[in-house]
Amino acid sequence: MLRIRASLCWVGAVLLFSTAGCHEKPPDPPAGSSGESRAGSPERPGFGGDFSLTNQDGQTFHLQDVRGKVVLLFFGYTSCPDMCPTTMSRIVSALDRVGDKRSQVLTLFVSVDPKRDTPAALKEYVTSFNTPLVGLTGTPEQIAQVAAKYHASYEFVQTDSPNYLVNHTTAIFLIDREGQLRQYFAYNESPDGLAAAVGAVLKGN
Amino acid sequence: MTGAHNTGSASLWLVCAVAICGARAVAAVQAPGPSASGIVVRDAWVRESTATRTVSSGYMTIENRTAHEATLVGVTVAGAKRAELHTVVQEHGQGSMQAVAGVRIPARSSVALEPGGTHIMLFDVAPPFVRGRAVTMRFTFGDRHTQTIRAVVRPLNATSAR
């Protein structure tokens, strides 16, 4: 099986498309392999930050432009058959539990597959979820830079097939109203757990 | 492994693409019922697809009412060129799909194929799976018997058959 890795080199944060020559994984992944939601120091991640990408309408999106909103961030791709729609459904379920402050929460779906995920493809995808959701794409270099900021990784699998898969970080990132990454969760975090954390950040805790 | 809840099993690393197919969508969901084999498949559903998003995934509960273990070893799905049994593996915070050779259903037990766990992955779906309609699935078990069921097409954000 042809596997082209697009892992993140942490020295220089350079995205390589090669079968060798790059650190395989980030040293401090956002979520544990055992499915833990609190691996490392997820309550005080110490990374993250602003970025600019292109949204589903083809417009430039700056994270700093949504100051005042609580943000949930997820890296995925629209051709993801299971993990991405499953995670997005969990996020929607969590937001259903947030109550009348739901409108103060914005969910960002950052594509790690810009080749297929054009703004038009993202628009079709995000409208399938009944929640305020922004789909973001960019150049491979832009995506790599954002992923590096959030210690996310991804690798393309079976790229000889038009329906190739992408292995990717599945953590859900919670960003506060000031743009600071406050916490991250394993993709299988329960909607109740996610809603509780979102609710606390909404209250300013 | 015994299905969705044993995703860490070493057997999951035995890669095996399991099926090729093609056919047509149908209009209604078939009520589950015991087959002559003693295998009952219920609450089967697939995610909707589009002209550009040509992948889907299938989920269901498989009940084995017999006194012998059964193993699902192959699936074909009408309208999808390729169907594979996959499970989600999490390693160092990164999720990946791993093909599995089969799904074991112990005697007098049920196994759930669920979102985020073991499921049926569908490639090259055309024409698109339209929500509210249904597709035909044909299962092949280790004893070579086959069983045909229908699965309802649910929205992309669905989490269950209903």
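Every chain is numbered from 1 and lettered A, B, ... according to where its sequence line falls, protein lines coming before strand lines.
Between atom CG of residue B:Asn157 and atom CZ of residue A:Arg90 there is a gap of 13.5 Å, rounded to the nearest 0.5 Å. Rounding to the nearest 0.5 Å gives a distance of 8.0 Å between SG of A:Cys80 and CZ of B:Arg53. Note that OG1 of A:Thr170 and CD of B:Gln94 are 8.5 Å apart. Values are rounded to the nearest 0.5 Å. Once rounded to the nearest 0.5 Å, the distance linking NE2 of B:His86 with CG of A:Leu165 reads 7.0 Å. Atom CE of residue A:Met83 and atom OG of residue B:Ser96 lie 6.5 Å apart, to the nearest 0.5 angstrom. Here A:Asp82 contributes atom CG and B:Glu114 contributes atom CD; the two are 10.5 Å apart, rounded to the nearest 0.5 Å.
Enclosure of atom CZ in B:Arg138 is not indicated, since only 12 or fewer non-hydrogen atoms of other residues, nucleotides or ligands lie within 6.0 angstrom.
Looking at B:Arg82 and A:Ser161, their side chains come closer than 4.5 Å, going by heavy atoms from C-beta outward.
For A:Pro81 against B:Arg47, the heavy-atom pair with the smallest separation is O-NE, 3.5 Å. Closest of all the heavy-atom pairs between B:Pro115 and A:Thr86 is CB-OG1, 3.3 Å.
Between chain A and the options B:Thr159, B:Thr52, B:Thr50, B:Leu122, the largest number of non-hydrogen pairs under 4.5 Å is found for B:Thr50. Between chain A and the residues B:Pro155, B:Ser49, B:Ala158, B:Gly95, the most heavy-atom pairs under 4.5 angstrom are made by B:Gly95.
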side-chain hydrogen bond (donor to acceptor under 3.5 Å, both in side chains) between A:Ser128 and B:Arg131, worked out: CA-CA 11 Å; A:Ser128 299; B:Arg131 67 175 72 177; 5.3 Å; no

